[in-house]
Structure formats: structure tokens, C-alpha cells
Amino acid sequence: MNHLSLFQLQQVAAREATPEQQLHVESCTACRGRIEELRRIETVLRSLPAERTGDEFAEKVMRRLGVRTSSSFVWILFKNLAPAVALLLVSVIAVVSLRYFGAFEGSGLDQSATKLQSVPGWFAGELSKGTSQFYHWLETYFSFAFGRTSYGVTAFIVFLLAVVAVVDKYLLMPMMRKRGM
Amino acid sequence: MPQTDHEIIATIRKGNPHNYALLVHRYKDKGMTLALRMLRNREEAEDVLQDAFVRAYNGLEKFKGMAKFGTWFYRILYNACLTRLERNKNSIETLSSDDESDESMISDSGEPELLDALDKKELIQRVMEILEELPEMYGALLTMFYLQELSYEEIAGVTQMPLGTVKVRLFRGRAMLQERLTKEATGTRSAR
């Protein structure tokens with residue numbers, strides 16, 4: 001039998017040989033050598049690396065689609081808190097309505113409702129106290145922003161925006177992307 | 001977190017379009033390889049690849065999930081590359097439909113083990129260079145078969161070619177590659 005054609009050699013290399021071809025290969029060193037050569041090329045072809053696209057590629061595609069690669073942190077927070085906020089709103093409306101129609105009168109619940117009403121007052125007081133302390137802290141460490149000059153205020157705002165941008169880009173966005181949000 | 005392509009697509013359909021970025025990350029490099037082998041110009045390849053991702057996203061509703069997302073996407077990309085080639089008037093090599101039995105164009109001679117003249121690094125480098133020199137069709141088919149690991153049937157689905165034609169063209173692609181390598185190896189050996 002003559003040497004196998006290149007097509008037949010490829011068939012043997014792909015393990016699709018006929019019994020005749022297989023028999024020939026077993027007795028022919030030259031054909032076996034060429035099959036090894038073919039397999040070597042195939043191994044190289046399988047190991048070739050894929051071409052790399054730039055890191056920005058996916059973002060470019062998403063921009064073209066008008067889709068953010070990740071939801072904003074505020075939106076995710078709002079989305080998760082939405083049911084709680086809705087429940088609170090419904091409860092407040094219910095309590096106000098019941099009080100308005102006098103449903104709590106003489107039941108003792110009225111007293112509880114009055115106590116409940118004092119909660120927002122207490123909360124507002126605490127919030128005000130906290131805000132004052134934070135303001136004082138800012139005044140101590142960022143005194144340049146309180147010099148009543150436009151430069152100071154501008155510098156402070158720029159600094160604040162830079163901090164937010166850095167935190168968003170390097171901390172929040174990668175975190176969201178990692179979680180597939 | 002969604003893992004498979006189908007899970008990701010399900011989340012996109014449920015209203016999380018940003019998850020599409022996961023699919024883009026998954027297929028961008030292999031897609032780039034295919035586009036580059038066909039178009040041979042990095043900027044054009046990236047442009048066409050972006051178009052293909054946009055088209056795939058817009059057509060996600062039509063994707064029934066019967067095939068793999070990858071196969072479906074490569075079909076969009078392959079067609080986009082063909083359209084771009086036609087627009088550039090660089091039409092890819094056309095082959096007659098009865099080419100299944102034509103083996104004569106490939107030289108059948110050559111000494112075995114000539115490739116031993118090239119070391120592994122040289123071999124990889126040369127294979128990559130030759131793939132860029134091969135007619136676009138062969139480069140694309142070899143990329144789909146070896147890099148994207150598509151089966152003959154899947155390649156036939158992507159390219160809309162008959163199964164026999166895919167096999168023959170893959171055979172030719174490999175044969176051309178081997179012939180060029182062997183020629184070079186002969187040259188290298190005689191020079192040493």
C-alpha cells in the first residue's frame with residue numbers, strides 16, 4: 001500500500017481511521033511520523049492564546065447599550081429598603097387616620113399614640129446633636145473650609161467629591177461587579 | 001450570582017440588564033480572536049465585535065436557549081465580519097461547492113519529523129503568524145474549532161455551511177498550515 005494521503009493522515013490523527021489505514025500506519029514509520037507531526041500542530045493550535053481586548057471593552061459595549069455595568073449603590077440601597085419604607089408609610093397613614101376618626105379615644109392606645117408621636121421629636125433632637133458634633137469635627141480638621149473664603153469652600157467641595165469618586169470607582173463599583181449586580 | 005450563560009440571560013430578562021456585562025467579559029477575547037482572524041485589523045475587529053454584542057443584546061428575546069449562547073453569538077459575529085468584509089470589498093475566498101473530494105491542491109510530500117527543527121516557542125509563534133496569513137475562511141474555521149472548541153456541527157450552524165464542507169475546509173486549513181510549517185522547517189534545517 002502507498003503512503004497515506006494528507007487527508008487520510010488527518011483522519012488517522014483524528015482517530016477516524018479505517019481498519020486498512022490503521023493497519024498501514026502500524027507498519028509504516030514515515031506515516032506514523034507525519035501523524036505525530038499533525039498531532040503536534042493540533043496541540044499547538046489548541047494551546048494558542050486568545051487575543052486580548054482592552055479592559056474598557058465591556059464598558060464601551062454597555063455604554064452603547066445605555067446600560068450601566070453596575071447599579072449605583074444608592075439605588076441598590078433604596079431597592080432593598082423600599083419594602084420597609086412602604087410598610088412604615090402605610091403604618092403612619094393608618095395610625096393618623098385612626099386618630100383622626102377618634103378610634104383611639106378612651107382605649108389607652110391614645111396614650112401610646114401620644115408617646116409614639118414624641119419619638120420623631122426625640123429623633124430630631126438626636127439628629128441635630130449629631131449634626132452639630134459632625135460640624136464641629138469638620139471645623140477642627142478642615143478649618144480651611146470655614147475661613148469664609150470662596151477658595152476654602154471650593155477646595156472642600158472638590159476634596160469631598162474626589163473622595164466620593166475614588167470610593168465609588170475603586171470600592172463600591174468593583175464590589176457590585178463582583179457580585180454581578 | 002448567576003454562573004451559566006442561561007442563568008445570566010434569565011437574570012437579564014428579569015430586569016437586570018447590567019448582567020449582560022458578564023457575558024461580554026466571557027466572550028470578548030475569543031470573539032476578538034475570531035474577528036481579528038477574519039478582518040486582520042484590530043480597530044475594525046473591535047468595532048465589529050462591539051456591534052455583534054449590541055446586536056446579540058437587542059436580539060436576546062429571540063434567543064430560545066436551544067443552542068449554546070456562545071454558538072449563537074459567534075454566528076452573529078461571523079455574519080457581522082462577513083458583512084464588513086463585503087463592505088471593504090475584500091471578499092473572502094470562494095470555493096466551489098463540489099470541493100469535498102478535492103485534495104490535489106495540497107502537496108502530499110514531505111519528510112516526517114521536520115517540525116522538530118523548530119522548538120516549541122518558535123512553533124507557536126510561527127503557527128500564529130501563518131494563521132494570520134491564511135485565507136480568512138480557514139483562519140476563522142480553525143479558530144472556531146480549536147480556540148472556541150466548537151464541534152463540526154456547531155461550526156456548520158455558525159457559518160451556515162454544509163457539514164461536509166466544514167470538514168473539508170478544516171482539513172485544508174490544517175494541511176496548508178502543515179505545508180507552510182514543513183517548508184519553513186526544511187529551510188531552517190538546511191540553513192543550520
Side-chain angles (χ1 to χ4, degrees), chain A residues 2-11 13-14 16 25 28-72 75-76 79 173 175-181, chain B residues 1-2 8 11 16-25 28-37 42 45-46 49-51 53-54 57-58 103 106-116 120 123-124 126-128 131 142-143 145-149 168 170-171 174-175 177-179 181-182:
Chain A
N2 291 331
H3 288 310
L4 297 181
S5 71
L6 200 46
F7 185 69
Q8 289 167 325
L9 289 169
Q10 285 197 20
Q11 281 182 311
E16 293 171 0
V25 169
C28 178
T29 323
C31 284
R32 269 208 308 278
R34 298 205 70 199
I35 289 164
E36 282 311 306
E37 200 174 274
L38 271 170
R39 287 193 175 138
R40 200 171 155 204
I41 292 173
E42 288 206 311
T43 308
V44 170
L45 280 168
R46 284 202 170 86
S47 66
L48 291 181
E51 295 288 338
R52 305 274 303 170
T53 52
D55 292 338
E56 303 281 304
F57 182 83
E59 280 176 29
K60 280 185 200 166
V61 172
M62 300 309 279
R63 256 202 306 276
R64 273 184 66 177
L65 290 170
V67 177
R68 286 177 62 100
T69 45
S70 176
S71 299
S72 80
W75 169 243
I76 290 164
K79 206 165 69 171
M173 294 295 271
M175 206 164 73
M176 298 303 152
R177 215 171 286 143
K178 206 173 166 188
R179 292 184 59 194
M181 289 166 122
Chain B
M1 186 180 169
I8 293 171
T11 64
N16 295 296
H18 48 270
N19 276 352
Y20 189 62
L22 296 174
L23 288 178
V24 177
H25 275 293
K28 67 188 175 78
D29 289 346
K30 286 184 177 179
M32 184 65 179
T33 312
L34 177 62
L36 202 54
R37 295 263 158 82
R42 185 162 275 278
E46 190 170 319
L49 184 61
Q50 274 189 33
D51 282 347
F53 274 118
V54 170
Y57 179 84
N58 292 331
E103 300 171 27
I106 309 297
S107 141
D108 204 12
S109 62
E111 292 173 51
E113 296 167 23
L114 273 173
L115 294 186
D116 291 344
K120 195 180 174 186
L123 188 59
I124 290 175
R126 273 312 291 150
V127 168
M128 285 175 79
L131 273 176
L142 289 169
T143 302
F145 190 74
Y146 290 107
L147 179 73
Q148 288 151 355
E149 295 177 336
V168 168
L170 269 168
F171 151 71
R174 278 188 293 250
L177 194 64
Q178 189 187 20
E179 192 180 36
L181 277 169
T182 308

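Keep in mind that this is a model prediction, so the values were computed, not measured. Order of the sequence lines fixes the chain letters, A, B, ..., with proteins taken first and strands second; residue numbering starts at 1 for each chain.
The shortest distance between side-chain heavy atoms of B:Leu181 and A:Glu37 does not fall below 4.5 Å. Between A:Pro49 and B:Met128 the shortest side-chain heavy-atom distance falls below 4.5 Å. By the 4.5 Å heavy-atom criterion applied to side chains, B:Leu177 and A:Leu45 are counted as neighbours.
Annotation: ring-ring contact (aromatic ring centres under 6.0 Å, His included) contacts of B:Phe145 (sequence neighbours excluded): B:Tyr152. A search for side-chain hydrogen bond (donor to acceptor under 3.5 Å, both in side chains) contacts involving B:Tyr57 returns nothing, not counting sequence neighbours.
At a 4.5 Å heavy-atom cutoff, B:Leu34 makes no contact with chain A through either its backbone or its side chain. Interface remark: B:Asp51 contributes backbone and side-chain atoms alike to the contact with chain A (heavy atom separation under 4.5 Å). Of the two parts of A:Arg64, only the side chain, counted from C-beta on, holds a non-hydrogen atom closer than 4.5 Å to a non-hydrogen atom of chain B. Looking at A:Gln10, the atoms closer than 4.5 Å to chain B (heavy atoms on both sides) all sit in the side chain, from C-beta outward. Heavy-atom distances place the side chain of B:Leu36, and not its backbone, under 4.5 Å from chain A. Residue contact with chain B, scored on non-hydrogen atoms closer than 4.5 Å, is absent for A:Gln11. For chain B, the nearby part of A:Leu65 is the side chain; its heavy atoms alone come within less than 4.5 Å.
Heavy-atom pairs under 4.5 Å with chain B peak, among A:Leu48, A:Ile35, A:Thr53, at A:Thr53.
Within 6.0 Å of CZ in A:Arg46 there are more than 12 heavy atoms belonging to other residues, nucleotides or ligands.
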